[in-house]
Undergrad: 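Structure provided below as C-alpha cells; questions to follow.
Each chain gets a letter, A, B and so on, in the order its sequence line appears, and its residues count up from 1.
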Amino acid sequence: MLRAEINDLLTQTGPETPMGQLFRRYWQPVLLAEELPANDCPPVRVKILSERLLAFRDSAGRYGLIDEFCAHRGVSLWFGRNEEGGLRCPYHGWKYDVTGQAIEVPSEPETSNFCANVKLKSYPLVKRGGVFWAYLGDPAKQPPLPEWEFVTVPEGQTYTSKRLQECNWLQALEGGIDSSHVTFLHSGNLDSDPLFKGARGNAYNKGDLKPFFEVADYEGGLLIGARRNAEEGHYYWRVTPWVLPNFTMVPPRGDHPMHGHFWVPIDDEHCWVYSFDYHPTRNLTEDEIGAMQAGLGVHSANDANYRPLANKDNDYLIDREAQRRGETYSGVKGIAMQDASLQESMGPIVDRTKERLVATDAGIIKARQKLRKAALALAETGAEPVGNRPQDQKVRSVAIVLPADQAFIDGIGEAMVARPGVPQTSV
Amino acid sequence: MTVPALLSSCARAATTEEAAFRIDYPLAPARATRVVGFDARAVQAVRSAADREWGQAQFYSASDPGHQLVTMTGETRSLAEELDSVGSLVMVAATGEAAEAVATIGAACQVRGIMTAGLVLTPGRLMSDALMALRPYARILLVPADEDDLIELLQAIRA
C-alpha cells in the first residue's frame, strides 16, 4: 500500500514535479535511429515527460529536439519543411535551426534582427547505439553521455525496439523489478521462444516454482537476486539490476543475447518501452534478429507507430484455447504483451492505496523508497542523483549457479560489470 | 481469434472513467505480522519501529535457542503461542550471533506456512554472518537494510 500523495509523487513526471525533475537529470531514449534516417527527413513528434517536442535532422546531419510549436502562431512544426539547414513553418515561413533559434522570419525587413530574439525551447539530442537520447534538464548539470553496454557494443551486436504502453511508467517499471511473476505469467515461453529456449538454467526455473529473493542495495539502484534450487548444495541465481530511475535488465539464458528495458514516461498515462538485446562478444545472428523483429523475446510486433499489434483495442488477441493447452499462461502471446496487457488492465495510473502487498514485494517497496528519496533529496537539497554516471551504467544481469553458502553478491563478483569483449555470465 | 466484447473489452475497461466504477470497499484487516530482532542493533531498530502505530504488528527480541520471544516491554512469551494465527514474520539481524534462534523461528514459520522476510542491518556491507543466518529462512531478504526499510516494509504490507 502506498499513500495517495506518494503515489502522485512517483507517477507524475511533468516539468514542475519532483519526479519529473529527477528524470530530467538523466539521458533518456526518445527515438530509434530509424526514425530520423536521413538528412532533411521528415520531422518526428516526440512527447516525453509531458512535454511536446519535435525532433529533426537538418541538411548537415545535425540533430535537433525543439518545442513542437512555432513561436509565431502556435502551429505544429510537424507540418514544417525540413530544408536548407532548418525547419520552416509552412504557415508564414518562420525557420528554426536545430537549437530552436529562429534563423529566418520572412515578413521582417532584411536588416531586421528580430530573429535573434526568437528561440524555441530545445534540448540536446544525440544518437548512440541505434537510439536517440535526449537530456531535458539543466544544461549545467548535464551528465556524461549514456554508457549502457547495449549502446556501446559494435553495431552488429545490438538490437533495440520500442513499443507504446498505455499506462503510467511506474507500473511498467515495477513489472521489470518484480521477478516473482515470471514463474507464472511467462512460464509458457521458456521452451518455445527461440530467444530463451535450450538454456540449462531453464530447467532450474521449471524445477523450483517458489524462488527465494534477495534485494541488494547498491550505488546505482538495486540488484534483485532470485534463488532457486540447483544441484545438491547449490543454488541457481538470476540477478536483475535496476538502475535509477528507469533501467532494468533481464537475467540471461545460455548464450542467448542479453536483454533489458528502459521505461520512459510519455505523459502520466503512457510510456515508451525501449527493449534491447545485445551480445557482448558476437554479432547477433540473422535468426535472432528475425525473432526480435517478429516480436519474440522481450520485443513485440508493432504497427508503424510502434503500437503493439496486440493491444487493448483487440483484447490483446487473447487466445483462451492456447491458455487452456498451457502454451501461454494468460492466453496472451509473447512476454512483452503478457506484461503490458496486465499492467494496462490496472488502469492508466493504478491506485496504490488499494493494493495489498506481501513481503515478497520487498523489491518493489525498496525501489519506490529509493525513487521517492532521490526525488525529494533533489528537490529539497539539490542532492545529486545516482544512475547517471558511467560507473552506474556499466552493469549486466547475471545467471549463475553458486554454492549454497555463498552470497550472490559475492559469487557474481565482476560478472555484473560490463567489460568490453568479456562474455556474459549465464547458465 | 477473439472478438472484443464491446462494453467488457479491454479498451474500455482500462480507462480512467471505468476505474471510477471499481468497487470501493475498505481494505481487509491488516495481516498479523510479527517482527523479531536477533541482536542488540536489530532490537534497537525493532524497538524504534514498535514506537509507531501499527495494525496487528507485534515486536519482539529473540536469542538462542529461540523457543521464546521477548516483547518490547520485557515479557517472555512462548514462540509457538506467538505464531498462532500469524500471516508474516519479519526477521531483523545485524550479526549472526543468534543463528540458532533464527533457525528455530524460521523453521517454525515454515511448518506453519508463515511468510518470512529478513532485513540485514549491515550498512555499507552486502556480505555478513547475519545474511548467512537469515538466508535459509527468509523468503525475501533486504541487504543491507536500515530502520527506514523496516518501517517502509511494514507500512507497505499494512502490518
Undergrad: Sequence neighbours left out, what passes side-chain hydrogen bond (donor to acceptor under 3.5 Å, both in side chains) with A:Glu380? Give chain and number order.
TA: none
Undergrad: Is any side-chain heavy atom of A:Asp217 less than 4.5 Å from a side-chain heavy atom of B:Val143?
TA: no
Undergrad: Taking side-chain hydrogen bond (donor to acceptor under 3.5 Å, both in side chains) as the definition, give me every residue that meets it alongside A:Glu166, ordered by chain and number, with sequence neighbours left out.
TA: A:Arg307
Undergrad: Quick one: pull up CD1 in B:Ile140 and CG in A:Asp361 and give me the separation to the nearest 0.5 Å.
TA: 7.5 Å
Undergrad: Just how far is it from atom CG of B:Leu142 to atom CD of A:Gln369, taken to the nearest 0.5 Å?
TA: 8.5 Å
Undergrad: So which part of A:Ser341 gets closer than 4.5 Å to some heavy atom of chain B, the side chain, the backbone, both or neither?
TA: neither
Undergrad: Can you check whether anything in residues 85-112 of chain B gets within less than 4.5 Å of chain A, heavy-atom wise, and list it by number?
TA: none
Undergrad: Measuring from atom SG of B:Cys10 to atom CD1 of A:Ile318, what distance do you get when rounded to the nearest 0.5 angstrom?
TA: 7.0 Å
Undergrad: With side chains defined as the heavy atoms from C-beta onward, is the minimum distance between A:Arg356 and B:Arg31 less than 4.5 Å?
TA: no
Undergrad: Hey, which residues of residues 151-159 of chain B are touching chain A, say heavy atoms under 4.5 Å apart?
TA: B:Glu152, B:Leu153, B:Gln155, B:Ala156, B:Ile157, B:Arg158
Undergrad: With a 4.5 angstrom heavy-atom cut-off, is it the side chain or the backbone of A:Lys354 that approaches chain B, or both, or neither?
TA: both
Undergrad: So does A:Gln406 get a backbone contact from the side chain of B:Arg135, meaning a donor-acceptor N/O pair under 3.5 Å?
TA: yes
Undergrad: Above 12 or not: heavy atoms from other molecules or residues under 6.0 Å from CG of A:Asp267?
TA: yes
Undergrad: Hey, are the side chains of B:Asp148 and A:Lys373 touching, using non-hydrogen atoms and a 4.5 Å cut-off?
TA: yes
